[in-house]
Trainee: 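First, the structure itself, so that you have it in front of you.
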Amino acid sequence: MTHWLCVLVQTPAHATLGSVLSYRSESALPPGTLVRVPLGKRETLGVVWDAESAHATGEFDPEKIRSVAGTLDGISPLSTAWQQLVAFAAQYYQRSIGEVALAALPPQLRELSPEQMQRRLKRGGRSAEHSAPCPPPALRAPPLPAQSALPPSRLHPSLSSEQATVLQQIHSQSGPFLLFGATGSGKTEVYLRAVQTLLENDPDAQALVMVPEINLTPQLEARFTERFAPLYGDTAVVSMHSGMTNPQRLKSWLAAHSGTARIVLGTRMAVFASMPRLRLIVVDEEHDPSYKSSEGARYSARDLAIYRGRLDGAKVLLGSATPSLESWHQSRPASEGGRYLRLHMPSRIGASPTPHGTAGSHSATPEQTMRATAGTPDGLPLVRRVDMNHQPRNAVFSIPLLEAIKERVARGEQSMVFLNRRGYAPVLHCAECGWKSECPHCSAFRVFHKIDRTLRCHHCGFTERVPRACPTCGNPDIAPLGRGTERLEEHLAELLADVRRPHSASADFPDGEPVRVARIDADTTRLKGELQSQLAAVHAGDVDVLVGTQMIAKGHDFRRITLVAAVNPDGALFSSDFRASERLFSLLMQAAGRSGRDASLGASSEVWIQTFQPTHPLYAALKQHDYPTFASAQLKERQQAGLPPFTAQALVRAEARTQDVAQAFLNAASTTAQKDMAQWEGWEQVLPQITLYPAVPMSIQRVANIERAQMLVESPSRTALQQFLGGWQSVLHATRQGPEGKGLIRWAVDVDPLAI
Ligand code: ADP
Ligand code: ZN
Ligand code: ZN
């Protein structure tokens with residue numbers, strides 16, 4: 001008997017062909033089944049979809065409908081919850097459901113033939129058999145020698161009382177939770193314990209743990225593997241991120257889908273992992289912008305995690321020392337409308353004198369505890385503001401900061417200097433004629449990289465050798481303007497040239513070795529493995545002063561850093577982007593979180609802010625480590641200005657050869673919306689709640705010779721905005737086909753955009 005199936009396939013984003021197609025099949029295949037189907041001349045991967053919820057496009061002509069070519073045997077159908085997640089994401093972020101579904105699957109599923117797939121599954125199956133089932137506790141192997149070499153606190157620390165309280169809350173309530181925990185308060189330990197309790201209590205349960213950056217996955221993976229591999233076998237923990245090869249990704253995906261993997265660690269893409277027994281989702285550093293995708297479906301993995309938790313019946317735990325204002329607002333008291341439960345861990349590990357519980361061997365000596373609590377009551381570093389108005393003009397490092405760095409060197413401690421701009425100088429400039437190193441293809445300057453004497457565009461990648469003389473007037477004296485990390489590193493090395501490392505005199509260095517300044521940013525870590533080896537050098541103490549971008553400010557557990565300095569953070573205070581302050585505050589708090597993580601060094605740990613605005617409220621709140629005060633001031637401003645989270649926003653972006661074409665498309669779609677959609681039945685309620693702003697150029701309006709424009713859509717009601725966007729899609733498509741779409745290269749909607 002013939003069955004008619006709806007099948008999702010991947011079609012180009014706005015192709016006229018819909019992403020849900022009809023096929024015939026001899027057997028009834030349940031929704032979620034993976035199939036191979038013919039599409040044009042090729043064969044492609046498809047997902048059988050529920051005919052009720054899918055709107056298959058095109059005419060239904062049984063004669064023309066082709067047959068499913070085969071199913072991917074051995075892979076059980078994707079769960080209903082997974083299908084619902086994909087359907088929701090597609091609808092909410094205004095993309096085709098086929099695109100979202102297929103992009104959520106590992107690339108190799110698309111590429112492998114059924115035969116290749118069979119072989120892969122057999123191999124995977126064998127390796128799964130090797131992973132012994134969880135042995136009963138009595139039979140657990142003793143720790144491996146490599147592990148026992150670690151300090152015991154690393155393996156089984158006894159919980160701090162704050163950790164214990166928080167875990168109790170997570171255990172007894174349903175969430176979602178926002179864990180508001182200071183940097184170094186032991187949030188990761190809370191994640192580990194929450195996962196551990198879950199796995200102990202439910203022999204099938206799975207947990208998903210997300211981190212914002214690939215860079216942070218190896219460290220986390222090590223901690224989770226160390227904790228759980230001895231209990232549940234080597235295959236219990238798998239990773240999912242874009243730095244993996246396609247075969248690795250397929251392997252992890254299959255392990256998660258089959259349930260062999262109990263814990264999936266990954267970046268934002270992991271939110272779509274197929275995990276049939278998902279019971280806990282952790283989103284670490286939930287404030288991080290990397291959770292928002294910037295291409296394809298521009299989804300927020302953090303927001304989808306909340307939604308997925310409901311679908312799967314999984315608890316959701318967001319964690320941060322500086323939560324996003326959205327999550328902070330959501331976690332206001334329930335009596336005021338809050339929907340998340342806020343959990344507090346204000347103190348750094350080692351600062352609290354009364355560790356909770358008896359198991360394990362961690363405890364700071366009384367002396368360490370005293371020293372650790374000397375700085376601030378919670379063991380957090382002391383924040384110092386240097387008023388740059390009273391420093392020599394053009395000083396990059398103020399005199400007191402330089403002295404403080406030298407003191408650290410003398411004590412054998414490390415410092416970290418942080419500047420959010422890579423390269424040597426952001427611009428090259430000719431003082432004779434005013435020439436600047438603009439990119440010929442973008443409305444942006446090319447950055448001067450001294451190391452290979454190039455001018456590089458950070459937007460389109462266009463790279464040239466630095467000219468010997470000014471290309472316009474021939475003046476040989478072209479000079480860098482401003483500075484990036486490369487120049488900062490060079491400058492600092494000069495300033496510290498006379499300083500010697502303590503106790504380092506040798507035959508080669510009779511007066512002692514020179515100070516070691518190192519730099520970590522996207523330029524020094526381009527090659528695979530470089531970041532790991534550079535981080536290892538910092539951990540090993542081979543570096544005295546580390547210079548870098550935000551890459552070093554996030555997440556890393558550096559033990560010997562006792563000074564963190566932001567040399568020039570003021571720029572964000574005056575940015576036109578309303579989220580700039582929020583980002584600056586969290587970046588500085590995160591950077592501060594790198595200082596004094598070892599409790600025995602905590603007393604001397606400091607954060608230095610060089611600023612021309614020493615009394616700015618943002619820095620005042622930072623000095624107090626007072627995120628709540630900062631957040632409530634920001635939220636008040638947002639509320640008064642009608643900004644998120646008090647309004648819902650979406651952006652439509654358009655790209656064309658000329659700015660006029662891009663803007664005309666957007667404005668035409670807007671006019672049509674306001675004229676025609678008002679006539680649509682039932683829309684009288686929606687349109688008055690929507691504000692459509694005029695099209696404007698994007699802040700970097702031209703990239704790689706393509707002009708970019710955007711239009712902001714706003715509504716006090718998220719539901720109204722969703723309804724509007726759903727209806728407006730067809731208008732945008734029609735405008736694209738009409739005269740105003742001529743010359744348009746592409747357009748896309750960004751719901752809940754992070755940058756405006
Ligand atoms: P966060 O993620 O909150 O910044 P971490 O989880 O990285 O903090 O913890 C900071 C340090 O404290 C880590 O080195 C961790 O091993 C250690 N730690 C965490 N909890 C405890 C505990 N209960 N006892 C001792 N050390 C702990
Ligand atoms: Zn010139
Ligand atoms: Zn460019």
Side-chain angles (χ1 to χ4, degrees), residues 150-164 166-167 179-193 209 211 216 219-220 222-224 226-227 282 284-285 319-322 343 345-352 354-357 359-364 368 372 378-380 428-447 455-464 467 469-479 539 554-559 589-590 592-599 602 700-706:
L150 289 163
S153 65
R154 193 88 191 172
L155 276 181
H156 293 293
S158 53
L159 295 174
S160 71
S161 57
E162 289 175 5
Q163 286 172 326
V166 156
L167 279 161
L179 173 55
F180 172 48
T183 51
S185 61
K187 292 187 288 296
T188 312
E189 186 61 34
V190 169
Y191 308 150
L192 285 160
R193 295 286 180 124
V209 181
V211 285
L216 297 174
Q219 202 178 15
L220 192 75
R223 282 180 80 173
F224 271 81
E226 178 183 285
R227 186 73 58 94
V282 174
D284 190 21
E285 313 289 5
S320 177
T322 53
L343 312 172
M345 294 208 305
S347 316
R348 273 194 170 178
I349 292 291
S352 120
T354 47
H356 177 96
S361 53
H362 170 84
S363 60
Q368 282 173 337
D378 298 324
L380 292 164
L428 270 191
H429 174 237
C430 168
E432 288 289 315
C433 74
W435 172 86
K436 283 183 177 168
S437 56
E438 251 166 284
C439 174
H441 309 298
C442 305
S443 48
F445 294 114
R446 278 175 300 165
V447 175
L455 290 176
R456 279 188 230 156
C457 175
H458 288 184
H459 301 283
C460 73
F462 181 66
T463 302
E464 273 183 338
C470 171
T472 353
C473 74
N475 170 21
D477 216 16
I478 42 179
H539 288 298
K554 287 184 189 176
H556 300 289
D557 194 11
F558 297 122
R559 308 305 297 178
M589 284 279 273
Q590 292 297 328
R594 301 313 114 217
S595 181
R597 291 177 72 85
D598 189 327
I700 296 175
Q701 86 172 64
R702 189 170 49 107
V703 168
N705 293 322
I706 291 178

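Counting starts at 1 for both ligands and their atoms, in listed order.
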Trainee: Using a 4.0 Å cutoff against the non-hydrogen atoms of A182, which atoms of ligand 1 qualify?
Mentor: 3 (O)

Trainee: Please confirm whether R223 comes under 4.0 Å of ligand 1, counting heavy atoms of the residue only.
Mentor: yes

Trainee: Could you list which atoms of ligand 1 come closer than 4.0 Å to a heavy atom of K187?
Mentor: 1 (P), 2 (O), 3 (O), 4 (O), 6 (O), 8 (O)

Trainee: Do you know the tightest heavy-atom contact between C433 and T472?
Mentor: SG-OG1, 3.8 Å

Trainee: Find all atoms of ligand 1 within a distance of less than 4.0 Å from any non-hydrogen atom belonging to S160, and give their numbers and elements.
Mentor: 23 (N)

Trainee: Before giving the answer on side-chain contact (heavy atoms from CB on, under 4.5 Å), spell out for Q590 and T183 the whole-Å C-alpha distance, their side-chain angles and the decisive distance to 0.1 Å.
Mentor: CA-CA 7 Å; Q590 292 297 328; T183 51; 4.2 Å; yes

Trainee: Any idea which atoms of ligand 1 are less than 4.0 Å away from a heavy-atom of L159?
Mentor: 23 (N)

Trainee: Are any of the N or O atoms of G184 closer than 3.5 Å to those of ligand 1?
Mentor: yes

Trainee: With a cut-off of 2.8 Å, does any N, O or S atom of H459 fall short of it relative to the Zn ion (ligand 3)?
Mentor: no

Trainee: For S185, take its heavy atoms, then give the atoms of ligand 1 lying under 4.0 Å from any of them.
Mentor: 3 (O), 8 (O)

Trainee: Indicate yes or no for a side-chain donor-acceptor contact from S160 to the backbone of I349 under 3.5 Å, with no hydrogens or angles considered.
Mentor: no

Trainee: Which atoms of ligand 1 are found less than 4.0 Å from any heavy atom of S158?
Mentor: 22 (C), 23 (N), 24 (N)

Trainee: Rounded to 10°, how big is the angle at the Zn ion (ligand 3) from C460 SG to C457 SG?
Mentor: 110°

Trainee: Is the distance from the Zn ion (ligand 3) to the nearest N/O/S atom of C442 under 2.8 Å?
Mentor: yes

Trainee: Angle at the Zn ion (ligand 2): provide the value between SG of C470 and SG of C433, rounding to 10 degrees.
Mentor: 100°

Trainee: Give the numbers and elements of all ligand 1 atoms closer than 4.0 Å to a heavy atom of T183.
Mentor: 4 (O)

Trainee: State whether H458 contributes an N/O/S atom found under 2.8 Å from the Zn ion (ligand 3).
Mentor: no

Trainee: Report the distance from atom CZ of R227 to atom CG of L192, rounding to the nearest 0.5 Å.
Mentor: 4.5 Å

Trainee: Output the distance between atom CZ (F462) and atom CZ (R446), rounded to the nearest 0.5 Å.
Mentor: 5.5 Å

Trainee: Once you round to the nearest 0.5 Å, how far does OG1 of T188 lie from CZ of R223?
Mentor: 4.5 Å

Trainee: Number the atoms of ligand 1 from 1 as they appear, then name those within less than 4.0 Å of a heavy atom of T188, with their elements.
Mentor: 2 (O), 5 (P), 6 (O), 7 (O)

Trainee: Donor-acceptor pair, distance only, cut-off 3.5 Å: does the side chain of E189 make one with the backbone of Q163?
Mentor: no

Trainee: Can you name the nearest heavy-atom pair linking W435 to C470, along with the distance?
Mentor: CB-SG, 3.7 Å

Trainee: State whether the shortest distance between N or O atoms of Q163 and N or O atoms of ligand 1 falls below 3.5 angstrom.
Mentor: yes

Trainee: Ignoring hydrogens and angles, state whether a donor on the side chain of S185 or E162 is under 3.5 Å from an acceptor on the partner side chain.
Mentor: no

Trainee: Go through the steps to decide whether F445 and L455 satisfy the test side-chain contact (heavy atoms from CB on, under 4.5 Å), and finish with yes or no.
Mentor: CA-CA 9 Å; F445 294 114; L455 290 176; over 6 Å; no

Trainee: Check whether any N or O atom of I349, backbone or side chain, sits under 3.5 Å from an N or O atom of ligand 1, and answer yes or no.
Mentor: no

Trainee: Could you tell me whether a side-chain N or O of T463 sits under 3.5 Å from a main-chain N or O of G461, the two making a donor and an acceptor?
Mentor: yes

